[in-house]
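The first residue of the sequence shown is numbered 1, and numbering continues consecutively from there.
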Amino acid sequence: MKYIRQENTIILALTAANTDLANSDALKLAREVDPEGIRTIGVVTKIDLMDEGTDALEVLQGRVYNLQLGYVGVVLRSAKDIAENRSMKQSLEGERAFFEGHKVYRKHADHLGVPYLQKLMNLTLIKQIKRGVPVIRASLVQLLQTKEVELSQYG
């Protein structure tokens, strides 16, 4: 908890698609420290393991619990993939094929998957850094002024 309490921390709240989002421990913790959801990205895993005829579209579109940074659905490597020495490239290709081939997700495939999550995280980090620079600059100017005053007192 100590890390996600920090205002400059970007929170990734991972939740399996085949569980109830309302009972997600990750989202509960994120809500405690980020009640408006302004620095939390929801990551919905195991979308490929959902029961046939069900989907996570309501969750991904923020209709269940809204996060300002949104949700990204991903299909992660399984233990079987790892045991069979499936490469990351193969896994990412499989993830892309899953989303593009799914009747519900194909319309949203460009906003799903690990590559999109990477892009979203990078953009979010850049925005966070840009917001933080003026605060850091002001803090450094204040510190410099304080030290100059101290130095002048030594003659």
Side-chain angles (χ1 to χ4, degrees), residues 1-140:
M1 278 294 271
K2 105 177 186 184
Y3 294 108
I4 66 171
R5 285 191 193 285
Q6 297 174 22
E7 288 297 316
N8 62 343
T9 298
I10 299 165
I11 302 167
L12 293 180
L14 277 72
T15 304
N18 56 0
T19 62
D20 181 14
L21 190 69
N23 295 320
S24 165
D25 290 336
L27 281 173
K28 284 180 186 175
L29 289 173
R31 270 185 232 142
E32 284 182 35
V33 296
D34 183 28
E36 292 86 35
I38 58 174
R39 54 190 185 93
T40 302
I41 299 172
V43 181
V44 182
T45 66
K46 301 183 181 181
I47 286 186
D48 56 323
L49 302 181
M50 293 184 74
D51 293 334
E52 189 157 340
T54 63
D55 62 70
L57 193 58
E58 295 280 315
V59 171
L60 294 170
Q61 292 180 333
R63 294 188 199 144
V64 175
Y65 179 76
N66 188 40
L67 295 174
Q68 290 186 29
L69 296 176
Y71 291 84
V72 179
V74 296
V75 175
L76 301 175
R77 290 173 63 190
S78 67
K80 180 182 174 192
D81 292 338
I82 295 168
E84 293 176 353
N85 292 321
R86 192 168 179 205
S87 71
M88 283 300 299
K89 182 179 179 186
Q90 291 171 313
S91 293
L92 292 173
E93 289 168 354
E95 177 187 57
R96 175 66 32 218
F98 171 79
F99 287 127
E100 289 177 352
H102 193 280
K103 66 180 181 176
V104 173
Y105 301 131
R106 78 172 53 115
K107 295 176 188 173
H108 310 280
D110 57 336
H111 288 91
L112 297 169
V114 172
Y116 178 74
L117 177 60
Q118 290 173 318
K119 180 179 175 182
L120 178 62
M121 289 170 55
N122 281 331
L123 291 172
T124 303
L125 181 60
I126 289 167
K127 287 179 187 175
Q128 188 80 352
I129 290 169
K130 286 180 179 179
R131 276 195 303 265
V133 167
V135 174
I136 293 169
R137 179 174 287 150
S139 178
L140 288 173

Within this structure, what is the CZ-CG distance for the pair Arg106 and Leu112, rounded to the nearest 0.5 Å? 13.0 Å

Just wondering, do Val33 and Arg39 contact through their side chains at under 4.5 Å, heavy atoms? yes

With sequence neighbours excluded, tell me which residues meet side-chain hydrogen bond (donor to acceptor under 3.5 Å, both in side chains) with Glu100. none

Quick one: pull up CD1 in Ile10 and CD1 in Ile4 and give me the separation to the nearest 0.5 Å. 13.5 Å

Using the salt bridge (Lys or Arg N to Asp or Glu O under 4.0 Å) rule, collect all pairs that involve residues 3-17, keeping only residues at least two apart or in two chains. none

Nearest 0.5 Å please: distance from the CG atom of Leu67 over to the CD1 atom of Ile41. 9.5 Å

Taking side chain to side chain contact (heavy atoms under 4.5 Å, CB included) as the definition, give me every residue that meets it alongside Asp48, ordered by chain and number, with sequence neighbours left out. Val75, Phe98

Within the structure provided, determine whether His108 and Leu60 are in side-chain contact (heavy-atom separation under 4.5 Å). no

How many angstroms lie between atom CD1 of Ile11 and atom OG1 of Thr124, to the nearest 0.5 angstrom? 12.0 Å

Can you run down the side-chain hydrogen bond (donor to acceptor under 3.5 Å, both in side chains) pairs that involve residues 61-71, sequence neighbours left out, and say none if there aren't any? Arg31-Tyr65, Glu58-Arg63, Gln61-Arg63

What's the shortest heavy-atom distance between Gly113 and Val72, and which atoms? O-CG1, 3.6 Å

Output all residues satisfying side chain to side chain contact (heavy atoms under 4.5 Å, CB included) with Thr54, sequence neighbours left out; order by chain, then residue number. Met50, Asp51

Would you give me the side-chain donor-acceptor pairs under 3.5 Å for residues 19-29, sequence neighbours excluded?
residue: Thr19; atom: OG1; partner: Ala16; partner atom: O; Å: 2.7
residue: Asp20; atom: OD1; partner: Ala22; partner atom: N; Å: 3.2
residue: Asp20; atom: OD2; partner: Asn23; partner atom: ND2; Å: 2.9
residue: Ser24; atom: OG; partner: Thr15; partner atom: OG1; Å: 2.8
residue: Ser24; atom: OG; partner: Ala26; partner atom: N; Å: 3.4
residue: Ser24; atom: OG; partner: Leu27; partner atom: N; Å: 3.1

Can I get a per-line list of side-chain donor-acceptor pairs under 3.5 Å for residues 115-122, giving both atom names and the distance, sequence neighbours left out?
residue: Asn122; atom: ND2; partner: Gln118; partner atom: O; Å: 3.3

Which value, rounded to the nearest 0.5 Å, describes the distance between Ile38 atom CD1 and Asp34 atom CG? 5.5 Å

From CG (Leu76) to CG (Leu14), nearest 0.5 Å: 7.5 Å

Can you see which heavy atom on Asn18 is nearest to which on Lys46, and at what distance? OD1-CD, 4.3 Å

Shortest non-hydrogen contact from Val104 to Leu57? CG1-CD2, 3.7 Å

Gln128 meets the side-chain hydrogen bond (donor to acceptor under 3.5 Å, both in side chains) criterion, sequence neighbours left out, with Arg131

With sequence neighbours left out, the residues meeting side chain to side chain contact (heavy atoms under 4.5 Å, CB included) with Lys89 are Ser87, Glu93

Pairs under 3.5 angstrom only: tabulate donor-acceptor contacts from the side chains of residues 77-84 to other protein residues two or more places apart or in another chain.
residue: Arg77; atom: NH2; partner: Arg86; partner atom: O; Å: 3.0
residue: Ser78; atom: OG; partner: Lys80; partner atom: N; Å: 3.4
residue: Ser78; atom: OG; partner: Asp81; partner atom: N; Å: 3.1
residue: Ser78; atom: OG; partner: Asp81; partner atom: OD2; Å: 3.4
residue: Asp81; atom: OD1; partner: Arg86; partner atom: NH1; Å: 3.4
residue: Asp81; atom: OD2; partner: Ser78; partner atom: N; Å: 3.1

